[in-house]
A.B. asks: 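Handing you this structure, nothing more for now.
The basis for the numbers below is simple: all heavy atoms, side chains too, and nothing from hydrogens, waters or symmetry mates.
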Amino acid sequence: MLRALQVAALIATPGLLLPEANAEMAQMIALVGLVIGGFVFFEYRSCYPSFVEFRHAPPYNRLRFGMAFAIVLAVTLVCRGTGLVPGKMLGNALNFPFSPVRLMVLVVPDTVPDADRATLCAAAGLAYGLALASLLVFAVVLRLSEWPLRQGAFNVWINLPMVDPTAGGDILRRLERDAHVNVALGFLLPFLVPAVLQAVPSGPSLLRPSDPQTAIWVISLWGIVPTALIMRGVALMRIADLIAAERRRAYREATLPVA
């Protein structure tokens, strides 16, 4: 129940903090929050996993949720006018040529006033900066906590319900392939998303100060999704390393001479 409430609060944060939120948009977001919160509740309540990965391998999901909540809250506060100074400092620091922040700022229509453009730049800088900081924290936690062995044996069926160990091919190779694909996508998406928004006719209109909730979610997801993909790729590579180490140990034991 606590996890479901936290997820619902995450989705409702922009609508709760913005002074002038669109009534229809707020109702739609509240409905989405209830649906996703209910899904999280039943997913963790059930004994049989269906979709959520690493359900019994903390603190992976806690770090991922903390990253998402921090990005959504920071972007919302910047668009609300609170915490704009540190956001501008970080946005200016990351707004160098060919950076993801610069590419996202270039998507903003030319008709947007300079003050609103600076606000969107600060929001994008905070989102990308928090994403990078979350990856650093994630790497340190995994290194120091010896994840996932600290919690005992790792159950592939419960923690990776979308991965079928009995499917065709070697599971070790499939995990390594999925890990590389996730890391590559996580690295490329911050550059690809602004290009896609620029290419789509209605893309630049999503970053309008007149519709702050849409801009908040576009910028937040631009920072959250690539970071989550990189986290998943690193976690899968860690599981693949554990499987490879277990295979080497079993091979050594099988080749030892019998006394």
A.B. asks: Report the relative orientation of the aromatic rings in Y60 and F54; use parallel for angles under 30°, tilted for 30 to 60°, perpendicular for over 60°.
C.D. replies: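 Y60 and F54: tilted rings.
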A.B. asks: Give me the other members of the hydrophobic cluster that L16 sits in, counting Ile, Leu, Val, Met, Phe, Trp and Tyr linked by side-chain heavy atoms under 4.5 Å, directly or via other members.
C.D. replies: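 Same cluster as L16: nobody, lone residue.
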A.B. asks: Please give me the minimum heavy-atom distance between P190 and G186, naming the atom from each residue.
C.D. replies: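 P190 and G186 have their closest heavy atoms at CD-O, 3.2 Å.
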A.B. asks: Going by ring-ring contact (aromatic ring centres under 6.0 Å, His included), name the residues that satisfy it together with Y44, two or more places apart in sequence or in a different chain.
C.D. replies: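 In terms of ring-ring contact (aromatic ring centres under 6.0 Å, His included), with neighbours along the sequence ignored, Y44 is linked to no residue.
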A.B. asks: Taking the side chain as every heavy atom from C-beta outward, state whether I29 and P14 have any atom pair closer than 4.5 Å.
C.D. replies: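 No, their side chains stay 4.5 Å or more apart.
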A.B. asks: Find out whether L207 and I219 are in side-chain contact, i.e. whether some heavy atom of one side chain is under 4.5 Å from a heavy atom of the other.
C.D. replies: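 SC-SC contact between L207 and I219 confirmed.
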A.B. asks: State, yes or no, whether a side-chain contact exists between L197 and M104 at a heavy-atom distance under 4.5 Å.
C.D. replies: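 Yes. Closest side-chain heavy atoms under 4.5 Å.
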A.B. asks: Does the side chain of P148 come within less than 4.5 Å of N159's, by heavy atoms?
C.D. replies: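 Answer no - side chains too far apart.
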A.B. asks: Holding to ring-ring contact (aromatic ring centres under 6.0 Å, His included), I want the full list of residues that pass it with F42, two or more places apart in sequence or in another chain.
C.D. replies: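 Residues passing ring-ring contact (aromatic ring centres under 6.0 Å, His included) with F42: none at all.
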A.B. asks: With heavy-atom distances below 4.5 Å as the criterion, would you say the side chains of E43 and R3 are in contact?
C.D. replies: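 Contact flag for E43/R3 side chains = no.
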A.B. asks: Can you confirm whether R117 sits close enough to D110 that some side-chain heavy atom of one is under 4.5 Å from a side-chain heavy atom of the other?
C.D. replies: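 SC-SC contact between R117 and D110 confirmed.
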A.B. asks: Just distance, no hydrogens or angles: give the donor-acceptor pairs under 3.5 Å from side chains in residues 229-239, sequence neighbours left out.
C.D. replies:
from: R232; atom 1: NE; to: E53; atom 2: OE1; distance (Å): 2.7
from: R232; atom 1: NE; to: E53; atom 2: OE2; distance (Å): 3.4
from: R232; atom 1: NH2; to: E53; atom 2: OE2; distance (Å): 2.8
from: R238; atom 1: NE; to: W147; atom 2: O; distance (Å): 2.7
from: R238; atom 1: NH2; to: W147; atom 2: O; distance (Å): 3.4

A.B. asks: Check the pair L175 / L160 against side-chain contact (heavy atoms from CB on, under 4.5 Å), numbers first and verdict last.
C.D. replies: CA-CA 11 Å; L175 287 176; L160 293 174; 4.3 Å; yes
A.B. asks: Could you list the cluster mates of V35? Members are the ILVMFWY residues connected by side-chain heavy atoms closer than 4.5 Å, either directly or through other members.
C.D. replies: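 Result for V35 is L31.
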A.B. asks: Measure the shortest side-chain to side-chain distance between V101 and W222 over non-hydrogen atoms and say whether it is less than 4.5 angstrom.
C.D. replies: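 In short, these two side chains touch, coming nearer than 4.5 Å.
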A.B. asks: When you compare the side chain of I216 with that of L18, does any pair of heavy atoms fall below 4.5 Å?
C.D. replies: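 Answer yes - side chains close enough.
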A.B. asks: Scan residues 91-108 for pairs that pass side chain to side chain donor-acceptor pair (under 3.5 Å), counting only residues two or more places apart or in two chains.
C.D. replies: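 Every side chain to side chain donor-acceptor pair (under 3.5 Å) pair that includes a residue of residues 91-108, provided the two are not neighbours, is N95-R102.
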